[in-house]
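Throughout, residue positions are numbered sequentially from 1 according to the sequence presented. Order of appearance sets the numbers: ligands from 1, and atoms from 1 within every ligand.
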Amino acid sequence: MDYKSVPTRGRTLDYAAGVYDVLEPWVMFGKQNHINQQVVDFLDIKQWHRILDIGCGTGVVTKLISGKLSSKKQGMAIGIDAAGKMIEGAVKKRESDTCSFKVAAAEKLPFENESFDSAVSTLFFHHIQLDLKKKAFAEAFRILKPGGRLVVSDMHIPETILGFLIAHASRWLLFQPQIGENIRGVLPEVIENAGFVKPRLIKTYLGYITLFLSEKPMDRMMDNKS
Ligand SMILES: C[S@@+](CC[C@H](N)C(=O)[O-])C[C@H]1O[C@@H](n2cnc3c(N)ncnc32)[C@H](O)[C@@H]1O
């Protein structure tokens, strides 16, 4: 199977795929499981749901979601990432009858309009610049069914001194202006401008990672089915 990365201006992590699962819990000060579990709880999953994990990396969250789905009821969690090596690792470690992965860019999703019950994204949006953030949320909006939930957990305006230090150090040490956008607080407006209901800021972790909950309004049908 060929897991060729797709072109994107986002910061992909092919180079880190082999060590990501080992490093991530350290970077998250051991809070990763707790945060991921809460993210999944907010999806309000039903066994028959089709759920998209955007910028899934090695598929940890996708796998958590898939555990709540039933293949007999056509439930499926699908993770996408632009980095081929991330998806290769995800397939090897986590693919199952309710969990699949695909190499794809968030700003150009290879899925039909209104084909998912909900969408989730964790620690992804600080990897893409503002114009791609807008496109990626527009794509999430397009593929969601009316009423479909959107759960995003990502870097946002720091609320504590520790959060401020981690967020600003990451922005400058990693030379990542996309992080700068997040910590200036662009996400809620970009989400709303894509057509979603004004996002609720549910919780902040480690002082700089915020959990947002929103949904596609019931009355927003897509005109053209692709
Ligand atoms: C920090 S990782 C987060 C992975 C996972 N969601 C998690 O919580 O551990 C960010 C991921 O975004 C991916 N990425 C960057 N630009 C992308 C794009 N335009 N479309 C899809 N994925 C992208 C990277 O390859 C990387 O795997």
Side-chain angles (χ1 to χ4, degrees), residues 3-40 42-43 51-66 77-94 99 101-111 119-140 142-143 150-156 166-167 170-171 173-179 181-183 187 190 205-206 208-212:
Y3 296 102
K4 199 168 174 297
S5 300
V6 292
T8 176
R9 285 179 292 113
R11 280 226 179 182
T12 51
L13 292 185
D14 274 305
Y15 65 91
V19 292
Y20 188 82
D21 282 352
V22 179
L23 287 185
E24 188 62 4
W26 290 93
V27 174
M28 298 297 290
F29 298 96
K31 296 274 184 210
Q32 189 196 22
N33 288 343
H34 172 69
I35 299 173
N36 288 345
Q37 196 56 62
Q38 294 211 326
V39 164
V40 171
F42 273 101
L43 282 168
I51 301 175
L52 183 64
D53 182 2
I54 303 166
C56 67
T58 54
V60 173
V61 172
T62 329
K63 181 74 187 174
L64 260 184
I65 294 166
S66 72
I78 301 173
I80 67 101
D81 199 286
K85 286 201 168 16
M86 281 292 201
I87 292 299
E88 187 172 1
V91 169
K92 278 189 188 141
K93 290 183 192 171
R94 305 197 165 98
C99 189
F101 298 94
K102 194 173 180 62
V103 184
E107 62 271 23
K108 198 176 174 201
L109 293 174
F111 302 111
V120 65
S121 178
T122 58
L123 300 176
F124 159 65
F125 277 94
H126 68 273
H127 277 251
I128 55 173
Q129 44 272 67
L130 191 58
D131 64 315
L132 294 188
K133 286 178 172 75
K134 289 178 183 170
K135 283 188 182 156
F137 279 119
E139 279 290 83
R142 179 182 68 74
I143 58 89
L150 174 74
V151 179
V152 175
S153 138
D154 218 308
M155 299 179 78
H156 187 52
I166 300 174
S170 313
R171 188 263 173 263
L173 294 175
L174 300 172
F175 301 100
Q176 207 160 316
Q178 300 92 331
I179 292 178
E181 295 165 2
N182 276 52
I183 62 184
L187 286 186
V190 177
Y205 305 96
L206 299 168
Y208 74 105
I209 295 171
T210 298
L211 177 58
F212 299 97

Indicate yes or no for a side-chain donor-acceptor contact from Lys133 to the backbone of Phe125 under 3.5 Å, with no hydrogens or angles considered. yes
Taking 4.0 angstrom as the limit, do Glu88 and Lys92 come out as a salt bridge? yes
Return the minimal non-hydrogen interatomic distance between Thr8 and Ala105, and the atom names on each side. CB-CB, 4.5 Å
Taking all atoms of both residues into account, what is the closest heavy-atom pair of Glu139 and Ala106, and its distance? CB-O, 3.5 Å
Within 6.0 angstrom of Lys85 NZ, more than 12 heavy atoms from elsewhere: no
With a sphere of 6.0 Å drawn around NZ of Lys31, does it hold more than 12 non-hydrogen atoms of other residues, nucleotides or ligands? no
Can you work out which protein residues put a heavy atom within less than 4.0 Å of ligand 1? Thr8, Gly10, Arg11, Thr12, Leu13, Tyr20, Gly55, Cys56, Gly57, Asp81, Ala82, Ala83, Met86, Ala104, Ala105, Ala106, Glu107, Thr122, Leu123, Phe124, His127, Ile128
